[in-house]
Amino acid sequence: MPEHEADGTLGSPTDEVRDFLRRRREQIAQRWADEPLFRAVFTLSRDEAVEAGKAVVDALAQVADAQRVEDPDAAGFTTVREQLARMGAARSRAGLSTAQVSSELAALRPPVENLLLADLPDASPDHARACVTTLSVLMGTLRVVVMQTALTEGQALIDRQRLQLLEVATPVIKLWDGIVAVPLIGTLDSARSQVVMETLLEAIVDQQARFAILDITGVPTVDSLVAQHLMKTVAAARLMGAECIVSGIRPAIAQTMVHLGLDLGTVITRSSLADALGYVLHQLGVGIVNPTPYGAGER
Amino acid sequence: MSEAFPGPVTGHVPVLRLGEVLLVTLQGDLHDSTAHQLQEDLAETIARSGATGVVIDISGVEIVDSFLGRVLAEIAAQSSLLAARTVVVGMRPAVAITLVELGLTLPGLRTALSTEVAMELLTRPTPSSRSAGTRQESP
């Protein structure tokens, strides 16, 4: 008897699930609306949550209709992908880890499964099990889709922030007529040092700066790679006709550099930005005079 | 090759004389033979006129390859043999980055941001030693 059923209705569990999803659309959406995932995302109105749930059920039915229950790239998911991404993002913002969001998604399965079993009271155990398995696979695929979307979102965010960081982290400051400074903060890798070099050289041309100060107070470690980047920047600035001074080398870093045998060659170095500025002003023939020595008496 | 070359500069690059200083302005892509010609012209002009400085403006040059880089270094070296100082002026940022990435830091070359700064540098009485980096700072 079970064999006959399996033969006669090939792929029927999928069709059964599809029909069930379309038939019970309203009830499933109602039950989902009470689950923590939907309740937490749609705080304003329950109707909205029900609508969102219906959309997801429709998408699942469409995927089942296309016989692609295991395919996260199935066409049916594209309509709800954005909505799912929004839900996932909302949960992540609420401080949930990816695993927690995933388990919240898993909690969507039991109510649907119970409904399905209730719908198949007189089906053979084999058939019922096949239907439930199909549904589980479908819900699993939904989980994969949400996770995939969340990860893509996260990656896009990281990429955007990295670009922003590149722009934000390399300001070129005009200290005086003909003097520009770049305070470097954070680890200096190839991509960043390239940006630093380009922005610095552009600033040198724009402001006709004869002196440029590279302040590395905010660079935590100086290894041979960083030293090489510094040398390149200094050499490029010199080729354009500007003199480059490296400042902000802390005692510990100076020690490390000597231990590593790093040679900054002909690069002029000063211990602090103030020292570097003093040196440059002297070179330009500019002096700063304090008219009231020792900072004015009365206070 | 040089006949077929449709580009801007072939033959001689004009060498202008401003008092004790010779001024050369390079525009566009420079042909290899033109660069060589310029090198010879400059040597002869310095010897004949007794100029004490050479200013080469390359702000109009978009590409400086290793050959042109070497020619510039050689011009500087031969000029200093003839008792003239050479200043290269107005190198573009992209050109500077390319040269550094090529490993051509041209250590014997003096550089300046603008022709004005270069003239000031050349008319300054102190003939400072090779690179600006070794200049002494008095406290």
Side-chain angles (χ1 to χ4, degrees), chain A residues 172 177-180 182 190-191 193-212 214 228-247 263-271 275-285 287, chain B residues 55-66 68-70 72-73 76 85-122 124 126 128-139:
Chain A
V172 179
D177 275 343
I179 308 173
V180 291
V182 189
S190 314
S193 67
Q194 190 73 27
V195 175
V196 169
M197 197 196 277
E198 279 168 21
T199 46
L200 177 63
L201 297 190
E202 291 293 340
I204 287 174
V205 175
D206 283 350
Q207 313 197 8
Q208 289 290 304
R210 283 170 63 181
F211 292 93
L214 278 171
Q228 203 189 347
H229 288 320
L230 287 176
M231 298 279 283
K232 273 187 185 174
T233 310
V234 172
R238 199 194 68 81
L239 277 176
M240 290 184 43
E243 203 173 323
C244 227
I245 297 102
V246 177
S247 74
D263 184 15
L264 282 185
T266 55
V267 179
I268 305 168
T269 55
R270 286 295 179 271
S271 64
D275 280 351
L277 183 62
Y279 164 76
V280 171
L281 287 176
H282 178 82
Q283 290 290 315
L284 282 174
Chain B
V55 174
I56 305 175
D57 186 344
I58 60 166
S59 57
V61 181
E62 305 220 7
I63 300 165
V64 175
D65 56 3
S66 54
L68 189 54
R70 209 191 68 203
L72 289 176
R85 285 174 288 163
T86 308
V87 184
V88 171
V89 166
M91 187 181 289
R92 295 184 179 206
V95 172
I97 292 175
T98 315
L99 281 182
V100 169
E101 293 296 337
L102 285 173
L104 283 168
T105 51
L106 307 175
L109 215 57
R110 274 185 206 82
T111 49
L113 279 166
S114 63
T115 327
E116 201 182 342
V117 178
M119 299 297 271
E120 191 185 308
L121 197 75
L122 287 175
R124 203 185 292 166
T126 50
S128 61
S129 64
R130 280 201 346 152
S131 84
T134 53
R135 214 184 295 154
Q136 286 296 306
E137 176 203 1
S138 48

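Sequence lines set the chain letters: A, B, ... in the order given, protein chains first and strands last, and positions in each chain run from 1.
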Student: So for atom CD, which belongs to Glu101(B), do other residues, nucleotides or ligands contribute more than 12 heavy atoms lying within a distance under 6.0 Å?
Tutor: yes
Student: Would you check, one step at a time, whether the test side-chain contact (heavy atoms from CB on, under 4.5 Å) holds for Thr98(B) with Val64(B)?
Tutor: CA-CA 8 Å; Thr98(B) 315; Val64(B) 175; over 6 Å; no
Student: Crowded around Leu284(A) CG? As in, over 12 foreign heavy atoms under 6.0 Å?
Tutor: yes
Student: Should Ser66(B) and Leu104(B) be marked as a side-chain contact (heavy atoms from CB on, under 4.5 Å) after you check the CA-CA gap, both sets of side-chain angles, and the distance that decides it?
Tutor: CA-CA 7 Å; Ser66(B) 54; Leu104(B) 283 168; 3.8 Å; yes
Student: Against chain B, work out which of Met197(A), Met231(A), Gln194(A) has the most heavy-atom pairs shorter than 4.5 Å and name it.
Tutor: Met197(A)
Student: Val117(B) versus chain A, heavy atoms under 4.5 Å apart: side chain, backbone, both or neither?
Tutor: side chain
Student: Using modelled atom types and a 3.5 Å cut-off, is there a donor and acceptor pairing between side-chain atoms of Ser247(A) and backbone atoms of Arg270(A)?
Tutor: no
Student: Sort Ala237(A) into side chain, backbone, both or neither according to what part of it lies under 4.5 angstrom from a heavy atom of chain B.
Tutor: neither
Student: Which atoms of Ile245(A) come close to chain B, meaning under 4.5 Å heavy atom to heavy atom: side chain ones, backbone ones, both, or neither?
Tutor: neither
Student: So for Ile58(B), is it side chain, backbone, both, or neither that comes closer than 4.5 Å to the heavy atoms of chain A?
Tutor: neither
